[in-house]
Amino acid sequence: MTEITVTIQDGEKETFAAGTTATDALRALVSNKQRKQTVAVLYNGTPVDLSCPLQEDGILAPITLKSEQGLEILRHSTAHAMAQAVKELYGEDVKVAIGPAIEDGFYYDFDRDTPFTPEDFAAIEAKMAEIAKSRQPVERLEMSRDEAIAFFSEKGEPYKVELLEDMDEERVSLYRQGAFVDLCRGPHIPDTSWLKVFKMLRVAGSYWRGDEHRQMLTRLYGTAFTDKKELKKYLNRLEEAKKRDHRKLGKQLGLFTISDEIGPGLILWKPRGSMLRKLIEDYWKDEHYRHDYQLLYTPHIARQDLWKTSGHLDFYGENMYSAMDIDEVQYQLKPMNCPFHIEVYNSNKHSYRELPIRWCELGTVYRYERTGALHGLMRVRGFTQDDAHIFCRPDQLEDEIFNIIDLNLHILKTFGFDQYDVYLSTRPEKYVGSDEHWDLSTEALKRAMDKKGLAYEIDPGEGVFYGPKIDIKIKDQLGRSWQCSTIQVDFNLPERFEMSYTGEDGAGHQPIMIHRALMGSLERFIGILIEHYAGSFPLWMAPEQARILNITDDQAEYCLDIYAQLRKAGVRIDKDLRNEKLNYKIREAQLMKAPYMLIIGDREKADGTVTVRKKNGENLPPMTPQAFADMVEKECAEAMAV
RNA sequence: GCCCACGUAACUCAGUGGUAGAGUACCUCCUUGGUAAGGAGGAAGUCACCGGUUCAAGUCCGGUCGUGGGCUCCA
């Protein structure tokens, strides 16, 4: 009999007969306590089941439920159990498609004539609990691909057959628990008793293989955890996200509204939302001025010919609003700002000495989005890009990219985002421009990021056809990521619009164009800010910085004086002089997330002061209105100078 | 666009075939109260819209529009 040596990470090793299972090896090598938590193992780096017979020397690493990987296995197994429950309950009219573990849970796609509804959850969960209780072994079967195809054809599972037909592997693995057999790479839990804490969450439609021309399936989402507390924590997090939902807060705080009368995906900013937006826009403009940009304003609409020249009609036409006929000339709403900036550039000749030219605009664009895609402020049909276009010489590219990244991170930080993931997308299969240009600019992007000390991942082949790009995804307070910033090099438009500058040699040269947006869309960015801050904005962004509350009518006149004085001093101040109790007014101001309340009673009136209550309930010593204005100004200046 | 769910007062929601409800907000009156809801009264809805079934429809059926969860796409 052959012997093998199994080593665990801390170096301990043991010799076994070949074919010893991972479980038996673990029994000899790790503590009972750890073994009970072990759901599968990594053997020489490959994840395998506990029941896997070890055939060669190797390094054994337990995968415990405490690890990401262990949890993923548990969730994947829970998906199988859910499919098993569904098959047992609804039998032959259900065909199974795919069921992977995903972030925070799992799903399984089914094909059934009458789709599932949330009312089916209780029955399915009960059946899953039964399956868990009956401790059914989860057994791995290996067979040839052809055998598997025959097996699933016979079972009447066309989706599994299709998956198998598209596979390259000659041998495949199946997992069986009870009468349920699924095509799966594994590994899985050893038996169904490992399923303890799980919950079905929602149902949704999804296309087979994400292709809208194919069968619509019903997707059941669920999640699983190792203990009840974790599940509860997760459900609380969902609650928290719900509380922060910008659509809900937008309504509560009176920031924006969307009206059927106007149309879906079109935002109406209410006074408080408009103030918030103005503050963001002012900050953005000031910061761009400081960084040597020039501001442009361009129209919302242009002749169709422009969109032919730019290529948008060909490449982006489906997302553009239909043309309108004006004096027999076709016009279309702009989906992007770039051609306008190019036309500004082309309105006169340029020398190499002028470059780089940096033009920025808060440009409102309109794009047709399918109704199903619309979502609050996050996905709309009319939105404002914080756009900029930089026209430069090849030798300036790297510095320009560096400066853009620098400004980008600076602005994001001021808004409270200092965690992000950065991606560099390189040349795709279909592209325009020379290889030399692509290499030059891809290298420039890399060097600029290195110089900034920015860690990034490369997305090979994910660049746009016209040039490589950098995308920055920010992380919000709840750890969710949002792609906002994008920096794209473009070799296409300068060519199409025959842009040029006169070089040192007196000849015409083509400038390199960089498109970039930091916030992406103002609407969406504000949506993200609302959720990030849960509506409780930092002082510099708060639409209402302070609210004056009088205690009785006797101080009303004094309050009006202070109100006028603070408005003149530039404080965003409101007043609540209604005949209500102080508690009542404090509660309302608190719900509207006013950073400060100025409480005015007879004492303040007599002393010519205000009592400042912070939103955390803490009181500051009485101060004069001017001292308060100075304090607000100082606090804002500090926040904006990050 | 597709699948499922939902659409009742300004807001949050109850109402499963028989006279449209509650809380909050709003208006009036009383109350003038020092750090998260004082009291009383009043007004307010073409039950999203269009059509059908029924003696009778907020409720059942069909369509349209909108919203939500997803699929797809992306800022």
Side-chain angles (χ1 to χ4, degrees), chain A residues 107 109-112 114-120 201-221 242 245 247-248 251-252 254 257-265 316 318-319 335-336 365 367-387 464 471-473 482-486 515-528 549-556 577-592 597-604 611-619:
Chain A
Y107 68 79
D109 285 348
F110 301 98
D111 183 0
R112 185 189 180 210
T114 45
F116 294 100
T117 73
E119 284 165 21
D120 299 317
L201 295 172
R202 54 184 173 268
V203 13
S206 72
Y207 298 103
W208 170 235
R209 298 188 144 183
D211 181 344
E212 64 179 310
H213 302 295
R214 306 202 62 179
Q215 181 69 33
M216 172 61 73
L217 308 170
T218 308
R219 175 170 297 181
L220 297 179
Y221 283 91
K242 224 174 175 178
D245 189 314
R247 292 164 301 187
K248 190 175 166 172
K251 211 178 261 180
Q252 278 169 12
T257 186
I258 300 171
S259 153
D260 290 3
E261 308 296 317
I262 307 287
Y316 207 73
E318 279 181 13
N319 290 297
M336 294 186 194
V365 297
R367 298 182 185 176
Y368 169 74
E369 293 288 347
R370 300 156 115 193
T371 51
L374 299 174
H375 178 94
L377 294 177
M378 301 301 191
R379 191 136 202 101
V380 295
R381 285 183 174 161
F383 61 96
T384 302
Q385 290 183 309
D386 67 315
D387 217 346
V464 208
D471 289 322
I472 300 179
K473 291 187 180 175
W482 304 93
Q483 198 209 304
C484 295
S485 312
T486 184
H515 308 252
R516 60 106 263 209
L518 309 182
M519 302 183 272
S521 138
L522 265 174
E523 283 73 5
R524 181 165 174 269
F525 193 72
I526 292 176
I528 295 166
L549 311 178
N550 59 336
I551 289 171
T552 72
D553 290 344
D554 292 341
Q555 304 93 34
L577 307 183
R578 292 174 302 172
N579 172 16
E580 295 289 351
K581 289 199 163 188
L582 183 61
N583 276 347
Y584 183 89
K585 297 196 222 184
I586 286 178
R587 179 182 150 80
E588 282 202 356
Q590 195 82 38
L591 291 175
M592 291 306 277
M597 293 172 218
L598 304 183
I599 294 169
I600 315 286
D602 284 333
R603 291 201 293 271
E604 288 80 4
T611 292
V612 181
R613 182 193 201 270
K614 292 164 68 169
K615 76 182 150 188
N616 64 8
E618 188 190 325
N619 268 7

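Note that the coordinates shown come from a computational prediction; the quantities given were computed from them, not determined experimentally. Within every chain, numbering begins at 1; the chains are lettered A, B, ... in the order of the sequence lines, protein sequences first and strands thereafter.
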Counterpart residues, ring-ring contact (aromatic ring centres under 6.0 Å, His included), relative to A:Tyr207 (two or more places apart):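 Partners of A:Tyr207 under the ring-ring contact (aromatic ring centres under 6.0 Å, His included) test: none.
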Sorted by chain and number, sequence neighbours left out, ring-ring contact (aromatic ring centres under 6.0 Å, His included) with A:Trp482 holds for none
[N] to [M] separation - [atom1] atoms, rounded to the nearest Å:
| N | M | atom1 | result |
| --- | --- | --- | --- |
| B:A5 | B:G63 | P | 13 Å |
| B:U19 | B:C26 | P | 33 Å |
| B:G18 | B:C61 | P | 16 Å |
| B:G15 | B:G39 | P | 28 Å |
| B:A14 | B:G21 | C1' | 7 Å |
| B:U59 | B:U8 | C1' | 11 Å |
| B:C27 | B:G33 | P | 23 Å |
| B:G70 | B:G58 | P | 34 Å |

With a 3.5 angstrom cut-off on both distances, give the Watson-Crick or G-U wobble partner of [N], or none if there isn't one.
| N | answer |
| --- | --- |
| B:G68 | B:C4 |
| B:C27 | B:G41 |
| B:C55 | B:G18 |
| B:A9 | none |
| B:A75 | none |

What integer distance in Å separates [X]:[atom1] from [N]:[atom2]?
| X | N | atom1 | atom2 | answer |
| --- | --- | --- | --- | --- |
| A:Ile586 | B:G38 | CD1 | P | 11 Å |
| A:Leu201 | B:A5 | CG | C1' | 16 Å |
| A:Asn319 | B:C73 | CG | C1' | 8 Å |
| A:Trp208 | B:U72 | CH2 | P | 13 Å |
| A:Glu369 | B:C2 | CD | C1' | 16 Å |
| A:Gln385 | B:A75 | CD | C1' | 7 Å |

Is the backbone N or O of [Y] less than 3.5 Å from a side-chain atom of [X], with the two atoms forming a donor-acceptor pair by type?
| X | Y | result |
| --- | --- | --- |
| A:Asp387 | A:Ala517 | no |
| A:Gln555 | A:Ile551 | yes |
| A:Glu604 | A:Gly601 | yes |
| A:Asp386 | A:Gly520 | yes |
| A:Lys248 | A:Lys242 | no |
| A:Gln590 | A:Lys615 | yes |

Regarding [X], tell me which of base, sugar-phosphate or nothing describes its non-hydrogen contacts under 4.0 Å with the strands shown.
| X | result |
| --- | --- |
| A:Gln590 | base |
| A:Gln483 | sugar-phosphate |
| A:Asp211 | nothing |

Cationic N near anionic O, under 4.0 Å, [X] to [Y]:
| X | Y | value |
| --- | --- | --- |
| A:Arg370 | A:Glu318 | no |
| A:Arg613 | A:Glu618 | no |
| A:Asp245 | A:Arg247 | yes |

Measuring from the side chain of [X] (C-beta onward, heavy atoms only), which nucleotide among [options] has the closest atom?
| X | options | answer |
| --- | --- | --- |
| A:Leu591 | B:U35, B:C4, B:A36 | B:A36 |
| A:Arg524 | B:A75, B:A36, B:U35 | B:A75 |
| A:Arg379 | B:C4, B:G1, B:C73 | B:C73 |

If you restrict it to nitrogen or oxygen atoms, what contacts under 3.5 Å exist between nucleotides 64-70 of chain B and the protein, and what is each distance?
unit_1 : atom_1 : unit_2   : atom_2 : d
B:G66  : O2'    : A:Asp260 : OD1    : 3.2
B:G68  : OP1    : A:Arg247 : NH1    : 3.1
B:G68  : O3'    : A:Arg247 : NH1    : 3.2
B:G69  : OP1    : A:Arg247 : NH2    : 3.2
B:G69  : OP2    : A:His375 : ND1    : 3.1
B:G69  : N2     : A:Gly205 : N      : 3.3
B:G70  : O3'    : A:Tyr221 : OH     : 3.3
B:G70  : O2'    : A:Gly205 : O      : 3.3
B:G70  : N3     : A:Gly205 : O      : 3.3

Distances for protein N/O vs nucleotides 27-34 of chain B N/O pairs under 3.5 angstrom?
unit_1 : atom_1 : unit_2   : atom_2 : d
B:U31  : N3     : A:Asn579 : ND2    : 2.9
B:U31  : O4     : A:Asn579 : ND2    : 2.0
B:U32  : O2     : A:Asp553 : N      : 3.1
B:U32  : N3     : A:Asp553 : OD2    : 2.9
B:U32  : O4     : A:Asp553 : OD2    : 3.0
B:U32  : O4     : A:Asn579 : ND2    : 3.1
B:G33  : N7     : A:Ile551 : O      : 2.6
B:G33  : O6     : A:Asn579 : OD1    : 3.1
B:G33  : N1     : A:Asn579 : OD1    : 2.8
B:G34  : O6     : A:Asp602 : N      : 3.2
B:G34  : O6     : A:Arg603 : N      : 3.2
B:G34  : O6     : A:Glu604 : OE1    : 3.3
B:G34  : N1     : A:Glu604 : OE1    : 2.9
B:G34  : N1     : A:Glu604 : OE2    : 3.1
B:G34  : N2     : A:Glu604 : OE2    : 2.8

Has A:Arg381 got its NZ or CZ under 6.0 Å from the middle of the six-membered ring of A:Phe383, at an angle within 45 degrees of the ring axis? no
| With centres under 5.5 Å and planes under 30°, do A:Phe383 and B:A75 count as stacked? | yes
Are [X] and [Y] linked by a side-chain donor-acceptor pair shorter than 3.5 Å?
| X | Y | value |
| --- | --- | --- |
| A:Tyr584 | A:Arg578 | no |
| A:Lys585 | A:Asn550 | yes |
| A:Gln483 | A:Thr486 | no |

request  = Return the 5'-most residue of the pair A:Arg209, A:Thr117 with respect to RNA chain B, ranking by each residue's nearest nucleotide.
outcome  =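 Its nucleotide being nearer the 5' end, the pick is A:Thr117.
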Between A:Gly210 and A:Val380, whichever has its closest RNA chain B nucleotide further toward 5' is A:Gly210
Quiz item: side-chain contact (heavy atoms from CB on, under 4.5 Å) between A:Ile258 and A:Ile262: does it pass, once the steps are laid out?
Solution: CA-CA 8 Å; A:Ile258 300 171; A:Ile262 307 287; over 6 Å; no
Quick test: give all pairs of protein nitrogen or oxygen and nucleotides 40-46 of chain B nitrogen or oxygen below 3.5 Å, distance rounded to 0.1 Å.
none

**Request:** Respond yes when some side-chain nitrogen or oxygen of A:Tyr584 is under 4.0 Å from OP1 or OP2 of B:A25, and no when none is.
**Result:** yes
Check nucleotides 8-12 of chain B for protein N or O atoms closer than 3.5 Å to its own N or O atoms and list the pairs.
unit_1 : atom_1 : unit_2   : atom_2 : d
B:U12  : OP1    : A:Lys251 : NZ     : 3.3

